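The structure presented is a predicted model; accordingly, all values stated were derived computationally and were not measured.
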Amino acid sequence: MPLVTPLDAEHDLETKKLAEFFNETLGFCPNSVLTMQRRPAISKAFINLNKAVMANEGKVTSALKRMIAWVSSNATGCRYCQAHAIRAAERYGAEQEQLDNIWEYRTHAAFNEAERAALDFSLAASQVPNAVDADIKERLHAHWTEGEIVEMLGVISLFGYLNRWNDSMGTTMEGGAIDSGNQYLGKHGFEVGKHV
C-alpha cells in the first residue's frame, strides 16, 4: 500500500498534458507522477526535467539511457524503477540480447566497451559513498564527449530522485511494468516487493 495515494490523471490538466510524454516511454502515466501532482508544481517540474534529461543531444541513445537508469535503480534497490527502466529500454529499441543479459553487461558480448563504460559509470555514481574514480573518468572520456557524460549523469541523477521517491512512497507498480520486470529481470529474482 503506497504511503500517499495517487490522484486521478484528471486532477491537474496541465500535468496530464505534460504526462503524455510517458505514453511513448512506458505506455501509461506512472503512478509516481499521479502522486507528485498533489503538488502540481512538483509534477510539472519533474516531467519537464525528465523530458530534458531524456532528450538525445549526442550519441547516447534512448535505449542506453534507459539501461543506465536500470543499472542505477538496481544499485539502489528500487524495484519500481528497475521495472520502469527495463520496460522503457525495450520500448526504445534496446537489443533483445541486451535486455535478456542486462545483469551481465560487464562480460556479455551484446555490450560494447563504450556501453560498459557508461553502465559502470551509472553503477559507481549510484553507490553511497560515490565510487566514481579516475578509472571511470578515463574510460568515459575514451568513448564519450563531455556533453554526453553530462547526459548520462542527468539520467543517473534523475533516477536517484525517482528511486528515493518510489521506494519511500511504496508506489504501486503498474501492470505493464510488472510484466516487463518479470520478463527481463525475473530470472534474477525480480519481485514487486512493497510496490503492490
Side-chain angles (χ1 to χ4, degrees), residues 1-58 60-92 94 118 121-123 125-128 130 147-178 180-181 192-196:
M1 180 140 227
L3 181 64
V4 175
T5 309
L7 294 172
D8 186 87
E10 303 293 323
H11 175 76
D12 180 75
L13 296 181
E14 198 174 339
T15 295
K16 180 183 177 185
K17 180 71 178 156
L18 284 170
E20 289 174 3
F21 165 76
F22 296 108
N23 291 333
E24 176 188 321
T25 304
L26 298 168
F28 53 82
C29 180
N31 284 327
S32 55
V33 171
L34 298 177
T35 303
M36 286 178 207
Q37 73 175 341
R38 287 187 177 278
R39 295 295 182 260
I42 294 174
S43 61
K44 290 181 255 189
F46 167 75
I47 295 167
N48 283 320
L49 177 62
N50 196 313
K51 290 167 85 171
V53 165
M54 292 304 186
N56 298 318
E57 303 288 333
V60 185
T61 66
S62 292
L64 180 56
K65 284 186 176 185
R66 275 56 183 203
M67 289 188 284
I68 288 168
W70 180 82
V71 169
S72 180
S73 298
N74 188 52
T76 64
C78 180
R79 294 173 186 204
Y80 183 89
C81 292
Q82 289 171 26
H84 280 224
I86 203 71
R87 178 177 181 82
E90 175 188 32
R91 291 176 65 89
Y92 278 100
F121 175 45
S122 181
L123 179 62
S126 301
Q127 295 174 352
V128 176
N130 188 289
E148 290 161 346
I149 293 167
V150 166
E151 284 186 59
M152 291 178 210
L153 190 54
V155 173
I156 296 161
S157 299
L158 178 72
F159 274 81
Y161 172 86
L162 283 169
N163 295 160
R164 280 164 179 72
W165 182 277
N166 290 305
D167 251 2
S168 298
M169 282 288 180
T171 308
T172 302
M173 197 179 301
E174 307 81 3
I178 293 169
S180 295
V192 174
K194 64 177 161 184
H195 301 286
V196 198

Look up atom [atom1] in [X] and atom [atom2] in [Y], then write down how far apart they are to the nearest 0.5 Å.
X: Ser180; Y: Glu174; atom1: OG; atom2: CD; value: 10.5 Å
X: Arg79; Y: Lys194; atom1: CZ; atom2: NZ; value: 10.0 Å
X: Thr76; Y: Gln127; atom1: OG1; atom2: CD; value: 11.0 Å
X: Thr15; Y: Arg38; atom1: OG1; atom2: CZ; value: 13.0 Å

Can you spot which of Arg87, Glu24, Lys65 makes a side chain to side chain donor-acceptor pair (under 3.5 Å) with Tyr92?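 In the set Arg87, Glu24, Lys65, the residue that makes a side chain to side chain donor-acceptor pair (under 3.5 Å) with Tyr92 is Glu24.
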
Apply side chain to side chain contact (heavy atoms under 4.5 Å, CB included) to residues Phe159 and Ile68 and explain how you reach the verdict. CA-CA 9 Å; Phe159 274 81; Ile68 288 168; over 6 Å; no

Under 3.5 Å, is there a donor on one side chain and an acceptor on the other for Asn163 and Ser73?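 Yes, Ser73 and Asn163 have a side-chain donor paired with an acceptor closer than 3.5 Å.
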
Could you check whether Thr61 and Asn56, counting side-chain N and O atoms only, form a donor-acceptor pair closer than 3.5 Å?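 No, because no side-chain N or O of Asn56 sits under 3.5 Å from a partner of the opposite role on Thr61.
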
Flag the pair [X] / [Y] as yes when at least one side-chain heavy-atom distance between them is below 4.5 Å, and no otherwise.
X: Tyr161; Y: Phe46; answer: yes
X: Tyr80; Y: Leu162; answer: no
X: Phe121; Y: Val71; answer: no

How far apart are the closest heavy atoms of Leu34 and Cys29, and which atoms are they?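 Answer, listing the atom of Leu34 first, then Cys29: CD2-SG, 3.8 Å.
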
Grab the two heavy atoms, one from Ala75 and one from Ser126, that are nearest each other, plus how far apart they are.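 Result for this residue pair: CB-CB, 3.9 Å.
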
N/O donor-acceptor pair under 3.5 Å between Asn31 side chain and Thr172 backbone: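 Looks like yes, one N/O pair under 3.5 Å.
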
Okay, side chain of Thr171, backbone of Asp167: is any donor-acceptor separation there less than 3.5 Å?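 Here the side-chain-to-backbone pair does not exist.
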
Between His84 and Phe28, how do the two ring planes meet: parallel, tilted or perpendicular, split at 30° and 60°?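 Geometry flag for Phe28 against His84: perpendicular rings.
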
